[in-house]
Amino acid sequence: MTPTARNLLILAAASCANLALLTAASHAPWPVAVAAALLFSLSNNTVFALLHECVHGVFAPAANGRGGRLNEWSGRLAAAWFPTGLTVQRVFHLTHHRNNRSASEQFDILHEGDILWLKYAQWYAIYTGLYWFVSALGVLVYALTPAAVRRAMIRAFGQRGGIQTGADDYIGALDSLPAAARLEVLGAAAWQLFWAWTLGWTWTGWLACYAAFALAWSSLQYTDHAFSPLDKHNGAWNLYVPRWLRLVFLNYHLHLTHHQQPQLPWYELPKHPARGPAFLTVWLACLRGPRRIGDFPRFRERDIV
């Protein structure tokens, strides 16, 4: 089986799992619904990992990289499960790669002059899953409103707030996108609404599944960077987790290797030697909040195989 065929099979299987789990959470007794929501937090992270592959153009490498139709349409399908748009996700994620551990991505560091309530609000929004809600709602607002609204949002943060939250870079990046990016976001919303109507999803079932996914997804999104070196390529961690969980996330936990070699597809990452701390150790340190750089915790690293 080729890597592209394998990725397509995983995307199809995870999408079917999402459909089944959202339906079970909406109609099954509550113990089954809770189990379905927890499983959805895993299956939808598999889909997000494939979206990440599409963003970098390595989902379907035989399809001429990022410009390949198969890569792009697979990315649109994966993005619909977030829900977001592929183009929006690409510009955000590549902005992250450019700015990693720069002044606009030091959410874990307390600087002189920081707006403290905003620093802590952003930090704990990440670790409670609210980051996903803001991300999903934000792209929908982007799709439905003119650029003037985005500029007003940037002004609302103020100069210091715009820097320390990354709002200047991320909201500002939306102005460079073509009109088709809005259609992708609206298409993702239509995808969710179609299946909700067809399969009779309830708000409680949908919210339970996405709340579980939001907590798992948003926690990982900064745990793999928190308290790491202030370096664009080396400012990340390879995080130790059980091998089965790493496979569910398609090696997303090998994040330092990814930042050092972003052209590598997920199945190539384990071929490179990796050391790093345990995910749980870093995550628990994060719960204490951001801190001065001189107070950064030190983590014991181990070989990851």
Side-chain angles (χ1 to χ4, degrees), residues 15 18-19 22 26 40 44-45 47-48 50-52 54-55 66 69 71-96 99 104 118 121-122 125-126 128-159 161-215 217-218 221:
S15 295
N18 280 357
L19 288 172
L22 282 160
S26 296
F40 181 83
N44 208 33
N45 265 295
V47 175
F48 180 79
L50 292 172
L51 171 58
H52 181 245
C54 294
V55 162
R66 192 172 75 179
R69 289 186 178 181
N71 189 91
E72 300 302 278
W73 281 105
S74 298
R76 292 182 182 111
L77 172 59
W81 284 113
F82 187 80
T84 187
L86 172 63
T87 302
V88 171
Q89 183 63 22
R90 176 173 286 139
V91 74
F92 278 1
H93 187 68
L94 297 185
T95 297
H96 160 64
N99 297 344
S104 63
L118 185 58
Q122 181 182 28
I126 293 172
T128 56
L130 288 176
Y131 178 36
W132 169 82
F133 176 79
V134 171
S135 299
L137 180 61
V139 295
L140 187 59
V141 170
Y142 153 73
L144 297 173
T145 57
V149 174
R150 297 196 294 278
R151 290 192 287 270
M153 291 174 65
I154 292 175
R155 289 195 299 270
F157 280 102
Q159 183 177 8
I163 294 173
Q164 74 179 54
T165 62
D168 285 356
D169 292 324
Y170 285 93
I171 298 177
L174 295 175
D175 289 329
S176 66
L177 297 183
R182 295 172 181 263
L183 295 179
E184 289 181 348
V185 175
L186 295 176
W191 169 269
Q192 294 273 337
L193 290 171
F194 169 79
W195 287 113
W197 177 77
T198 301
L199 299 177
W201 294 345
T202 64
W203 274 111
T204 53
W206 189 90
L207 286 173
C209 285
Y210 272 94
F213 166 70
L215 183 60
W217 174 81
S218 62
Q221 294 309 303

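For this chain, numbers begin at 1 and follow the sequence in order.
- Remark: S135 pairs with no residue by the side-chain hydrogen bond (donor to acceptor under 3.5 Å, both in side chains) rule, at least two apart or across chains.
- In this pair, F82 and F213 present their aromatic rings perpendicular. The plane angle is above 60°, beyond the 30 to 60° band.
- Taken from CH2 in W203 to CG in L207, the straight-line distance is 6.5 Å, to the nearest 0.5 Å.
- N18 meets the side-chain hydrogen bond (donor to acceptor under 3.5 Å, both in side chains) test with S43, N44; sequence neighbours excluded.
- Contacts of A214 classified as side-chain contact (heavy atoms from CB on, under 4.5 Å), with partners at least two apart in sequence or in another chain: W132.
- Considering all non-hydrogen atoms of both residues, V91 and T95 come closest at O-OG1, 2.6 Å.
- Between L51 and Q89, the shortest heavy-atom contact is CD2-CG, 3.9 Å.
- Qualifying side-chain hydrogen bond (donor to acceptor under 3.5 Å, both in side chains) partners for S15, counting only residues two or more places apart in sequence or in other chains: W81.
- Partners of W195 under the side-chain hydrogen bond (donor to acceptor under 3.5 Å, both in side chains) rule, at least two apart in sequence or in another chain, do not exist in this structure.
- Between the side chain of S26 and the backbone N or O of T202 there is at least one donor-acceptor pair closer than 3.5 Å.
- S218 places a side-chain N or O within donor-acceptor distance of the main-chain N or O of I126, the cut-off being under 3.5 Å.
- With R76 as reference, L86 is the one residue of L183, L86, T87 to meet the side-chain contact (heavy atoms from CB on, under 4.5 Å) rule.
- One N or O on the side chain of R90 and one on the backbone of C54 form a donor-acceptor pair closer than 3.5 Å.
- Once rounded to the nearest 0.5 Å, the distance linking CG of L199 with CG of L22 reads 9.0 Å.
- T128 pairs by the side-chain contact (heavy atoms from CB on, under 4.5 Å) definition with L130, not counting sequence neighbours.
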Item checked: Check against side-chain contact (heavy atoms from CB on, under 4.5 Å), Y142 and L177 -> CA-CA 11 Å; Y142 153 73; L177 297 183; 3.7 Å; yes
Enumerate, atom names and distances included, each donor-acceptor pair closer than 3.5 Å involving a side-chain atom of residues 185-194, sequence neighbours excluded.
residue	atom	partner	partner atom	Å
Q192	OE1	W206	NE1	2.9
Q192	NE2	A80	O	2.9
Q192	NE2	Y210	OH	2.9

